[in-house]
Amino acid sequence: MCPSSSSAKGSKGAMHWFRKGLRIHDNPALVACLEQSPQRVYPVFVLDGNSYQLLRCTALRANFLVETLQDLDENLRALGSRLYVLKGDPTKALPKFWKEFNITHMSFEEDESGEPYAAERDEKIIEKAQKANVRLFSQCTETMYPLKDYVTKAGAKGVPATMTGFQKLFKSMKPMSKVLPAPEKEDFPDMDEDDLLAAQYLPPKRPTDLPWPRGIPKSEVEPLWGPKDCKNLTPIVHGGETLARKALTESLKRSNWVATFEKPKTSCTSLAPSTTALSPYLSWGCLSPREVWFALDEAVSRASSNVKPSKPPVSLHGQMLWRDFNNLMAHDANKEVPGCWNKMEGNKYCRQIPWDDDPRLLEAWKTGKTGFPWIDAAMRQLTQEGWIHHLGRHAVACFLTRGDLWQSWEEGAKHFEAELLDADYALNGFNWLWLSCSGFFFQYFRCYSPIVFQKKNDPNGQYIRKFVPELKDLPSKYIYEPWEAPASVLQKAGVKLGKTYPRPLVDHAVISKENMNRMKQAYDAHKARAQTQGGAAKKKQRK
DNA sequence: TAATTGTTGACTCC
DNA sequence: GGAGTCAACAATTA
């Protein structure tokens, strides 16, 4: 069956290219597409194995995308439309689709953070669209305000590199534009039945339907969805706009909780998330950040008059501000050196620190076999559920980098990108810079202990018992430090150190002090470099 | 130039 | 559980 039926030829066809922003509510680019009054509209997603979302991607993440695309297709079908899913390189697949369906207009949500693959891809697409006479429409809706608006508002002095500065900038912005409702059935033109049925463009049903990255041997991108599936994994949330909206409503029902939320006070050892866990929906764009912001306003207004509301940066509104701030920082760094944001070299916000490169230590960290039960539990939750509480991420990130193992944050960031359901280019990079004391946060003498940090929250180690079951029968006294337990206690709990559970990789008390000295040296070198460069710049100015 | 502030440390003492 | 100390960062404010 040829999808481009004779009736399609000559009539005006428009498409909306979904990349992130996988939703129909508050999607101005989709609305702009419908407003072109085309005779036919094609909502399109391209499964691109080399995209940021899929290049390093575990079964859990792949499954989340499949669920999200299925949901998007269902929601579009309820409006008399459907989702058209293409496979492969968008710079080839899209021009082919334009030709086949006589597309004259294409809309999409811009990717402003400067993620290098997306930036290159879009540059090529814009060029090809010009040649093919396809008119492009784009909107900047990944953040609450377009990043370029923050840049304009900040003016000649440049964008602020501190959260306090960003909050001031945010306050000075004009009111946020109104949230758009989802389009209605009447907004979509009637479609040719052949087009609606075209089976070659159906969304994927399972992770194994997703394409492998082009030009990369399978062995180099393990673990991916190929060798293992999701059967025994338990994602913290499932994909799709429908579930996202339900989760948002559910979270915000507790208006007093919303109004008094303070991020640092939430627990990272509770077995059910102590935060909203909406982050995967924000990172894939199942939820609009502006809609979340206004929904928070509404929830806070419902709170009892006697509660004292929390404020940014610790409040839930504050979490939305961090998100925009992180995107702005990524955007700004990449503007200077394209693609530098998740790298140490060339990134103007990143201190140069001589990290070690020990694959054995990295692997132990990734697989949750460091011998520190609390660290291992968090790393295994990541693999099992695709999520760790924010403070848990802090603890494991500090442990991998400046705290204990002295491995590069770049490696940690790559692992998080593969495994986190909410993996986000800008946020992931920012948080790794922060935790490794490479940028934005510099108090390296404040170090998380892999032992005592969670003892106060979870003295009995229920979180460890869940995710590190080989230790579940240890008495609470030793659950955070099994190496301290007498042989008889270990034997009774069925633990053989070095066999059923590893001995600790390092002596935290000793190594964390040594690492602080290494940080001091790296900072001193940074200062010396800055002075030399500053001196040289002044000299040049005088000339 | 000095003091203050910064989403989320650990430890000791009381 | 709250306050002060540890050994001391960068950016901003006074």
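- Rounded to an integer number of Å, the gap from A:Asp324 CG to B:dT7 C1' is 16 Å.
- The aromatic rings of A:Tyr523 and A:Tyr444 stand perpendicular to each other, their planes meeting at an angle above 60°, with 30° marking the opposite boundary.
- Between A:Phe166 and A:Phe170, the ring-plane angle classifies as tilted under the 30° and 60° cut-offs.
- Nearest nucleotide to the A:Phe441 side chain, out of B:dT8, B:dA10, B:dT7: B:dT8.
- The side chain of A:Met163 lies closest to B:dT7 when the candidates are B:dC11, B:dT7, C:dA8.
- Note on ring orientation: taking the six-membered ring where Trp is involved, the planes of A:Tyr145 and A:Tyr150 are perpendicular (angle over 60°, cut-offs 30° and 60°).
- At the heavy-atom level, A:Lys311 lies nowhere under 4.0 Å from the strands shown.
- Taking atom P on both nucleotides, C:dA8 is separated from B:dG6 by 23 Å, rounded to a whole Å.
- Taking a centre distance below 5.5 Å and an interplanar angle below 30 degrees as the stacking criterion, A:Tyr523 does not stack against the six-membered base ring of C:dC9.
- Atoms CZ (A:Phe166) and C1' (B:dT7) sit 15 Å apart, rounded to a whole Å.
- Distance, A:Lys513 NZ to C:dC6 C1': 8 Å, rounded to whole Å.
- Following rounding to the nearest Å, A:Tyr448 (OH) and B:dC11 (C1') show an atom-to-atom distance of 16 Å.
- Side chain of A:Thr162, nearest nucleotide from C:dA11, C:dA10, C:dT13: C:dA11.
- Between the P atom of C:dA10 and the CZ atom of A:Phe445 lies a distance of 9 Å, rounded to the nearest Å.
- Taking atom P in both C:dG4 and B:dT5, one finds a spacing of 15 Å when rounded to whole Å.
- Nucleotide B:dC11 holds its C1' atom 12 Å from the CE atom of A:Met516, rounded to whole Å.
- The base-pairing partner of B:dT12, taking Watson-Crick or G-U wobble contacts with both distances under 3.5 Å, is C:dA3.
- Look at the P atom in both C:dA7 and B:dT7: the space between them is 25 Å, to the nearest Å.
- Residue A:Lys455 has no polar side-chain atom (N or O) positioned under 4.0 Å from OP1 or OP2 of B:dA10.
- Checked for salt-bridge contact, A:Glu417 and A:Lys414 miss the test: no charged N lies under 4.0 Å from a carboxylate O.
- When heavy atoms are screened at a 4.0 angstrom cut-off, A:Arg351 is found touching the sugar-phosphate backbone but no base atom.
- Using a 4.0 Å cut-off between charged nitrogen and carboxylate oxygen, A:Arg360 and A:Glu363 do not count as a salt-bridge pair.
- More than 12 heavy atoms of other residues, nucleotides or ligands lie within 6.0 Å of CD in A:Glu298, so this atom counts as buried by the packing criterion.
- Contact annotation for A:Thr164: backbone-only contact, meaning every heavy-atom pair under 4.0 Å involves sugar-phosphate atoms and none involves a base.
- The side chain of A:Pro313 has B:dT7 as its nearest neighbour among C:dC9, B:dC11, B:dT7.
- Separating the OH atom of A:Tyr349 from the P atom of C:dA11 is a distance of 11 Å, rounded to the nearest angstrom.
- Electrostatic pairing of A:Asp458 and A:Lys466 does not count as a salt bridge here, judged by no charged N lying under 4.0 Å from a carboxylate O.
- Across all strands shown, C:dA11 forms a Watson-Crick or G-U wobble pair, both distances under 3.5 Å, with B:dT4.
- Comparing B:dT7, C:dA8, C:dA10 against the side chain of A:Lys527 picks out C:dA10 as the nearest.
- A sub-4.0 Å separation between OP1 or OP2 of C:dA8 and a side-chain N or O of A:Lys520 is absent.
- For A:Phe442, counting side-chain heavy atoms from C-beta on, the closest listed nucleotide (C:dC9, B:dA10, B:dT7) is C:dC9.
- With B:dA10, B:dT8, C:dT12 as the candidates, the nucleotide lying closest to the side chain of A:Phe453 is B:dA10.
- One interatomic measurement links the two molecules: CG of A:Asn517 to P of C:dC9, which rounds to 12 Å at whole-angstrom precision.
- For A:Arg446, counting side-chain heavy atoms from C-beta on, the closest listed nucleotide (C:dA8, B:dA10, B:dG9) is B:dG9.
- The shortest distance between the side-chain N/O atoms of A:Lys157 and the OP1/OP2 oxygens of C:dT12 is not below 4.0 Å.
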